[in-house]
Amino acid sequence: MSVEWSWERAWDSLPYLLEGFKITVLATVIGFFVAAVLGLVIAVVRHAAPKFVTVPLRMMSEFIRLTPLVVQLLFAYYLLPQFSALQIGIAVLGIHYSTYMAEVYRAGIDAVPPGQWEAARALSLPTTRTWRGVVLPQAIRITIPALGNYAISMFKDTPFLFAITVVEMVTAAQQYGARTFQYLEPITMAGVIFLIASYPTSILIRRLEKRLAY
């Protein structure tokens, strides 16, 4: 097996990688939406619900956070064979990251000044309106940069989907290498594509974080 770099092989592998990249982006976008919504629900429930609800929910969240993502993917894949591998992968990514995002949301909720809660109670605002109109807009604004960082982390974790046969970009690179017996170029190009996609996003998040700080 040759280890000499070939631009011809690199460009030849690109169409295969871009097909896998579509799956990577799809899993990231939908998974992030699932995680952001579910994480917000978890955070609100843990803040507002009674202990007999919050304690089991906290234990479940900690269990998900403390077990490897690959194990969760394999467990769900074999437990739910009626769903496609991609559907399982997106759902597990979303649920896994929702537990982290819930902690971010909780920090944002706790950062809302007590005076805002007191003012809402003084105005006799309904609980739903207090959350929707007073608390959540401020909490979400605070958490946007951290949520963006988790989106990048999820994007970089999509190669774990290989464990359940999802052909995302890194798996596409490995398959190309297996066909041609040349792995250097496709794996390198996959890394470059990850960098090109994630680096501008990280810069945007840092700028947004600085803007929201003022």
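Just so you know, residue 1 is the first one in the sequence shown, and it goes up from there. Keep in mind it's a predicted model, so treat the numbers as computed, not measured. In what follows, every heavy atom counts, from backbone to side chain, and hydrogens, waters and symmetry copies are set aside.
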side-chain contact (heavy atoms from CB on, under 4.5 Å) between T188 and W5, worked out: CA-CA 10 Å; T188 302; W5 177 266; 3.7 Å; yes
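- One finds the NZ atom of K22 at 15.5 Å from the CD atom of E168 (value rounded to the nearest 0.5 Å).
- Rounded to the nearest 0.5 angstrom, L161 CG and L86 CG are separated by 7.5 Å.
- I205 and V104 fall into different hydrophobic clusters, where Ile, Leu, Val, Met, Phe, Trp and Tyr residues are linked whenever their side-chain heavy atoms come under 4.5 Å apart, directly or through other members.
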Could you walk me through whether D110 and H47 satisfy the side-chain contact (heavy atoms from CB on, under 4.5 Å) test, starting with their C-alpha distance in whole Å, then the side-chain angles of each, then the deciding distance to 0.1 Å, before giving a yes or no? CA-CA 9 Å; D110 291 340; H47 193 281; 3.9 Å; yes
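- The CZ atom of F21 sits 12.5 Å away from atom CE of M189, with the distance rounded to the nearest 0.5 Å.
- Between atom CZ of residue R9 and atom CG of residue L184 there is a gap of 8.0 Å, rounded to the nearest 0.5 Å.
- Annotation: R129, atom CZ; neighbour count of heavy atoms from other residues, nucleotides and ligands within 6.0 Å does not exceed 12.
- Qualifying ring pair (Phe, Tyr, Trp, His ring centres under 6.0 Å) partners for F162, counting only residues two or more places apart in sequence or in other chains: none.
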Please walk me through it: do V170 and L17 pass side-chain contact (heavy atoms from CB on, under 4.5 Å)? CA-CA 8 Å; V170 174; L17 299 182; over 6 Å; no
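- L57 and V45 make their closest contact through CD2-CG1, 3.8 Å (heavy atoms, listed as atom of the first residue, atom of the second, distance).
- Taking CD1 of I90 as the reference point, atom CD1 of I30 lies at 4.0 Å (rounded to 0.5 Å).
- Within the 4.5 Å cutoff, side-chain heavy atoms of L40 are placed close to those of L136.
- Cluster annotation: Y176 and V167 are assigned to distinct hydrophobic clusters (Ile/Leu/Val/Met/Phe/Trp/Tyr, side-chain heavy-atom contacts under 4.5 Å, transitive).
- Only one option out of L38, V37, V34 pairs with S98 in a side chain to side chain contact (heavy atoms under 4.5 Å, CB included); it is L38.
- For E103 and R58, the salt-bridge test fails: no basic side-chain N is under 4.0 Å from an acidic carboxylate O.
- Linking Ile, Leu, Val, Met, Phe, Trp and Tyr whenever their side-chain heavy atoms come within less than 4.5 Å puts Y97 and V44 in one cluster.
- Looking only at distances, a side-chain donor or acceptor of Y105 sits under 3.5 Å from a matching main-chain atom of A36.
- A donor-acceptor pair shorter than 3.5 Å cannot be found between the side chains of Q174 and T171.
- M169 is not listed as a side-chain neighbour of I23, based on a closest heavy-atom distance of 4.5 Å or more.
- Within the 3.5 Å criterion, the main-chain N or O of V134 finds a donor-acceptor partner in the side chain of Q138.
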Kindly indicate, with the supporting measurements, whether the criterion side-chain contact (heavy atoms from CB on, under 4.5 Å) is fulfilled by W11 and E185. CA-CA 9 Å; W11 294 120; E185 291 83 3; over 6 Å; no
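- Smallest separation of non-hydrogen atoms from M154 and L93: CE-O, 3.9 Å.
- Residues A163 and V70 come closest through the heavy atom pair CB-CG1, 4.1 Å.
- Scanning all heavy atoms of the two residues, the minimum distance from A102 to A43 falls at O-CB, 3.6 Å.
- Both I164 and F83 sit in one connected hydrophobic cluster of ILVMFWY residues. Membership requires side-chain heavy atoms under 4.5 Å apart, directly or through other members.
- The number of heavy-atom neighbours closer than 6.0 Å to CZ of F194, taken from other residues, nucleotides and ligands shown, is above 12.
- For the 3.5 Å distance criterion, the side chains of Q72 and T67 qualify, holding a donor opposite an acceptor.
- Atom CH2 of W117 is surrounded by more than 12 heavy atoms from other residues, nucleotides or ligands within 6.0 Å.
- I152 contributes atom CD1, which lies 12.0 Å from atom CG of D157 (distance to the nearest 0.5 angstrom).
- Residues G108 and I142 approach most closely at O-CD1, 4.1 Å, considering heavy atoms.
- Ring geometry, Y100 versus Y150: the interplanar angle falls from 30° to 60°, so the pair is classed tilted.
- Because its NZ or CZ atom is both nearer than 6.0 Å to the ring centre of Y16 and within 45° of the ring axis, R179 counts as a cation-pi partner of that residue.
- In the hydrophobic clustering of this structure, V92 does not group with I42; members are Ile, Leu, Val, Met, Phe, Trp, Tyr whose side-chain heavy atoms approach within less than 4.5 Å, directly or through other members.
- Of all the heavy atoms in I88 and Y77, the pair that sits closest is CG2-N, 3.8 Å.
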